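Scroll down for the structure; my scribbles are underneath it.
Sequence lines set the chain letters: A, B, ... in the order given, protein chains first and strands last, and positions in each chain run from 1. Note: hydrogens, waters and symmetry copies are ignored here, and every other heavy atom, side chains too, is used. It should be emphasised that the depicted structure is a prediction, and the values quoted were computed from it without experimental measurement.
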Amino acid sequence: MRTLLRFIQKYSNLMLFLLLEAIAIALLVQGSTFQRSKLVGLNREISGYLFSRVDGAREYLSLKQVNEQLALENLKLRNRLDQISVLMDSSTVISRFIEPYHYYYVPSRVVQNSVYKQYNYITLDKGKKDGVFRDMGVISDMGLVGIVFESSSNFSTVIPIINRDFRLSVKIKSNNYAGILQWEGTSPLYAILTEIPFHVDIREGDTIVTSGFSAIFPEGILVGEIESFSLEQGNFYDISIRLSTDFQSLYHANIIRNYRQEEQLNLETHQR
Amino acid sequence: MYLLARNMIRFLVVVLFQILVMDNIMISGYLNPYIYLLFLLLMPFETPRWVQLLSGFLLGLGIDIFEQTPGMHTAATVLVAFIRPYLLNLLSPRDGYEPETFPRIHYYGFLWFVKYTLIIVAIHHFALFYLEVFQLKDFLSTLLRVILSTLLSTSTIVLSQYFVFRK
């Protein structure tokens, strides 16, 4: 007994070290559970508040850039409005009334953003109070941004394309072939597209858009364009995509609520 | 009591400075300065080992929670908290550390402090970046990130000794 006590006394620091290290490794292995925990949820509120304060200064410095982005988006919207007014004149107006709209956009501001890590996250200043929940899509006027990972009452955390956990079905606009978009962790400007079979005709500069298979995004949201591709081995291309969203200058983002998401998911789970 | 309060304030300042300022100036994927280790580096020589380990744990956990990373800062920081006393022994001057002194440039000189900081930061960054990638696939590019970030963090920490923590 005494030797045991002496042993414990002698190695108590080593044991404490091993214990703490074990806790840390457990957190690491259980990554997403930790990130969904209450502790991190509480922190999202605190740090969201902190960052939105500090961000005031940062945003002021980038006013010019934000102005340009907004002007550009205005222009785009005005163009679309013109197209719609042409459509409204014709008979399609009837089907518009029959089919209720099913996407709704929640505008939000980026309060925290990282670009240079392997697992980047974005914090937005809209949460459950504004109807933002898990698995909602996030876009900006530049294109696709990411998917809401978790939300608390006033803030939400987004997994952007530039996170190694990100996966999304996207397609090549010109020929509708769908593949999986993911990120390798090297540069925030590029992502990779996999599972495009070798017989598909692709060119550099082809536009990549969302496929609309996932119930998260509507079809046809801009993702980027093909920067380069190669056919190393096997039957699939290695395609590098230049992302249209510049994550370093992201200040505003829109969260997409899909009113039919639940219906679609229910149907899909019934099929399995 | 005074020492405890002082250290708690320093803890808060270091963590807040890291997440609010330093995290915004990550220069590219290769240069991420982590200066929060300052808290651990400047702890007095006589601090009990278990206190060092626990503060390392809390420090890492604090950063992890704010950066929304799972456990990797905690693991890396606990590791250097464990190694620090051995390293201090190894680096001790011929007649040991004087009582009432702290591990600072002011007491033990530029060269000693750079050596001490460099080793601690290098071990920490090595553990941190490899835990972040969690695979050996990009071994060399990760190693480059470790080396460059270590140099940047070390120089930032050493500079802070002249501007912020002046005696």
Side-chain angles (χ1 to χ4, degrees), chain A residues 12-37 39-44 46-48 50-51 53-55 57-58 61 112-123 149-150 157-159 162-164 184-189 248, chain B residues 15-16 19-21 23-33 48-86 127-135 137-138 141-142 145 149:
Chain A
S12 59
N13 284 315
L14 182 67
M15 275 148 74
L16 181 63
F17 165 68
L18 290 176
L19 175 74
L20 295 178
E21 210 56 282
I23 297 175
I25 298 295
L27 288 178
L28 190 67
V29 175
Q30 304 241 310
S32 57
T33 334
F34 171 70
Q35 282 160 339
R36 293 224 161 103
S37 68
L39 192 65
V40 176
L42 179 71
N43 161 263
R44 190 179 303 117
I46 300 169
S47 64
L50 263 176
F51 283 116
R53 279 300 158 93
V54 174
D55 218 54
R58 198 168 64 113
L61 293 173
Q112 189 190 4
N113 187 7
S114 67
V115 175
Y116 292 118
K117 293 184 210 159
Q118 300 291 308
Y119 297 90
N120 296 298
Y121 291 95
I122 297 174
T123 309
F149 170 67
E150 195 66 320
T157 302
V158 175
I159 295 192
I162 52 167
N163 179 312
R164 290 183 23 176
E184 275 185 321
T186 40
S187 161
L189 302 178
Q248 297 176 27
Chain B
V15 171
L16 286 180
I19 55 165
L20 293 180
V21 182
D23 281 1
N24 281 324
I25 49 174
M26 299 200 162
I27 299 168
S28 75
Y30 290 99
L31 287 166
N32 307 9
R49 299 273 305 270
W50 64 274
V51 174
Q52 296 191 28
L53 282 170
L54 276 182
S55 353
F57 181 75
L58 291 178
L59 184 64
L61 194 64
I63 298 289
D64 266 334
I65 288 175
F66 273 104
E67 296 209 343
Q68 308 190 1
T69 47
M72 47 210 186
H73 287 279
T74 317
T77 315
V78 169
L79 178 68
V80 289
F82 181 71
I83 290 174
R84 192 184 96 116
Y86 298 105
L128 179 69
F129 285 113
Y130 278 100
L131 282 176
E132 187 184 17
V133 180
F134 216 64
Q135 60 187 23
K137 199 182 113 205
D138 308 313
S141 73
T142 309
R145 288 172 64 205
S149 297

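With rounding to the nearest 0.5 Å, the separation of CG in A:Leu28 from OG1 in B:Thr74 is 9.0 Å. Atoms CG and CD1, on B:Leu61 and A:Ile23 in that order, are 9.0 Å from each other to the nearest 0.5 Å. In this structure, A:Gln118 CD and B:Met72 CE are separated by 8.5 Å, a value rounded to the nearest 0.5 Å. Rounding to the nearest 0.5 Å places CG of A:Leu20 at 12.0 Å from CH2 of B:Trp50. From A:Leu16, atom CG reaches atom CZ of B:Phe82 across 9.5 Å, with rounding to the nearest 0.5 Å.
For A:Thr157, the part sitting under 4.5 Å from any heavy atom of chain B is the side chain, from C-beta outward, and nothing else. Contact of A:Thr123 with chain B is made through the side chain alone, with heavy-atom distances under 4.5 Å. Both the backbone and the side chain of A:Leu14 come within contact range of chain B, with heavy atoms under 4.5 Å apart.
Between B:Leu79 and A:Glu21, the closest heavy-atom pair is N-OE2, 3.4 Å. The heavy-atom pair separating A:Gln112 from B:Phe66 by the smallest distance is NE2-O, 3.7 Å.
Residues of residues 52-59 of chain B lying under 4.5 angstrom from chain A, judged on non-hydrogen atoms, are B:Leu53, B:Leu54, B:Phe57 in numerical order.
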